[in-house]
Structure formats: structure tokens, C-alpha cells
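Down below is the structure, laid out as C-alpha cells.
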Amino acid sequence: MQLPSDVKRVLLSVEAIDVRVQELADQINTDYAGKDLILVGVLKGSFIFLADLARKITVPHRVDFIALSSYNNGSVSSGEVRMIMDVRSPLMGHHVLLVEDIVDTGHTLDYLFRVFAMRYPTSLKTCVLLNKPSRRVVDISATLDYVGFTIPNVFVVGYGLDFADTWRTLPYIAELKESCYS
Ligand code: PRP
């Protein structure tokens with residue numbers, strides 16, 4: 001397979017991602033049977049993961065989005081999370097599952113938990129495709145419910161994840177060459 005010149009290696013293949021997303025969906029289908037579920041995708045990074053996950057979730061559910069930003073187009077989290085767009089649905093009385101592409105420092109999930117908990121959902125859980133614990137600044141371990149893969153401290157792009165808003169639509173998850181961002 002010909003890789004883009006900025007890509008060092010494929011970390012997670014299309015096939016590996018597909019298998020794991022199905023496993024996550026299977027678990028969610030079991031856990032949310034008979035419950036009123038709202039999936040909330042965190043834009044932009046989660047858009048491909050959410051699209052694939054939602055189509056594998058067979059229990060009735062709605063899909064909503066929230067847009068946040070904390071990286072200001074760079075590779076270092078500012079730690080200051082900004083809400084760009086809120087969900088449309090009231091969350092009170094619903095089972096809410098936050099869908100994220102990656103948890104890195106933990107600032108974003110920590111912020112979302114504090115904001116969403118104040119809206120009195122019946123339950124609030126998270127489904128994160130990638131967990132990078134080596135970069136954690138805020139301890140959000142208690143809020144990680146469904147995790148796709150735990151990855152090392154490398155800069156990953158593809159399957160929704162970007163560097164300076166590029167590479168999001170690579171079908172696999174790749175490690176970017178250090179020369180691109182250092
Ligand atoms: C990325 C990613 C997560 C967040 C995780 O979003 O999509 O939302 O960073 O990082 P943290 O755990 O250090 O908070 P980003 O701000 O880059 O925006 P994007 O999703 O639009 O790419």
C-alpha cells in the first residue's frame with residue numbers, strides 16, 4: 001500500500017478498526033437494550049467513528065453533535081476548551097453516550113462531563129476510539145466506559161483525526177512523521 005509521504009506507518013488498519021468498532025457496538029447494543037439513547041459526537045474528530053459506530057448500533061437511538069476545540073490548529077492542547085456549537089437535543093431524562101475519537105490530556109472529556117452533568121441526563125457515558133494515557137493531565141479514568149484502543153504517545157491522524165485540519169479522511173489510523181509537527 002502506498003502511504004502519503006508524511007505518514008510514518010499505519011498504526012491501526014481499516015480491518016482492525018472495523019472489527020473493534022463492531023465489538024464496541026455489540027457491547028452498546030447489549031447495555032442499552034430498551035433504553036432511550038442519544039449518541040453525541042464531538043466534532044470534528046469523531047465524525048467518521050460516529051458514522052460507523054451508529055450504523056452498527058441496532059438499538060433505537062438518536063444522533064446529535066457538539067463542536068469543541070482546544071488545540072488551536074497545533075499539536076499541543078491549550079487546556080482551554082471552547083464550545084463552538086451545542087447539541088440540539090435536551091438531554092434531561094435521556095441516556096447520553098458521548099462519542100470521541102481520542103482522549104489525550106483529558107481536558108475535553110473533563111469539560112464535557114461537567115457541562116453535560118448539569119443537564120440531568122438519566123445516564124452519561126463515553127465511547128472513545130483511542131485512549132492515549134501517557135499524555136493525561138486530568139484524571140478522567142472514571143469516565144472512560146467504552147474504549148476502542150489504547151495507543152502509545154505518537155501523533156495519530158486519519159479516521160477523523162487531523163493535524164492542522166488535514167488527514168481526517170485517511171481510512172486507517174496512521175502515525176505522522178515527527179518532521180511534520182515538531
Ligand atoms: C481533539 C479530539 C478530542 C480532543 C482530545 O479535538 O477530537 O476532542 O482533541 O484531546 P484532550 O484529551 O487533550 O482534550 P481538537 O480540539 O483537536 O478538535 P477537532 O476534533 O476538531 O480536531
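Both ligands and their constituent atoms are indexed starting at 1 by order of listing. These numbers come from a predicted model, not from an experiment.
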Next item on the list: Assess whether atom CE of M92 is packed by more than 12 heavy atoms of other residues, nucleotides or ligands within 6.0 Å.
Entry: no

Check: With a 4.0 Å heavy-atom cut-off (strictly under), which part of R168 contacts ligand 1: side chain, backbone, both or neither?
Finding: side chain

Notebook entry, point to check: Relative to the ring of Y32, is the ring of H95 parallel (under 30°), tilted (30 to 60°) or perpendicular (over 60°)?
Noted result: perpendicular

Next item on the list: Please state whether the rings of F163 and F155 are parallel, tilted or perpendicular, taking 30° and 60° as the class boundaries.
Entry: perpendicular

Checklist line | Proximal candidate to atom 12 (O) of ligand 1 [heavy atom criterion; set D165, L109, D104] | finding: D104

Just which atoms of ligand 1 are under 4.0 Å from any heavy atom in [X]?
X    : result
G45  : 19 (P), 20 (O)
D101 : 2 (C), 3 (C), 7 (O)
I102 : 2 (C), 3 (C), 5 (C)
E100 : 3 (C), 7 (O), 8 (O)
D162 : 22 (O)
T108 : 4 (C), 5 (C), 8 (O), 10 (O), 11 (P), 14 (O)

Next item on the list: Could you tell me whether some N/O pair between V103 and ligand 1 is separated by less than 3.5 angstrom?
Entry: no

Next item on the list: Could you say whether the N/O atoms of G106 and ligand 1 ever approach to under 3.5 Å?
Entry: yes

Notebook entry, point to check: Would you call D64 and R88 a salt bridge, using N to O less than 4.0 angstrom?
Noted result: no

Notebook entry, point to check: Would you call D101 and R168 a salt bridge, using N to O less than 4.0 angstrom?
Noted result: no

Note to self: Working note: V63 + V99, criterion side chain to side chain contact (heavy atoms under 4.5 Å, CB included); need CA distance, chi angles, decisive distance, verdict.
What the structure shows: CA-CA 10 Å; V63 175; V99 179; over 6 Å; no

Next item on the list: Go through Q22 and D18 one step at a time and tell me if the side-chain hydrogen bond (donor to acceptor under 3.5 Å, both in side chains) criterion holds.
Entry: CA-CA 6 Å; Q22 184 64 59; D18 186 61; over 6 Å; no

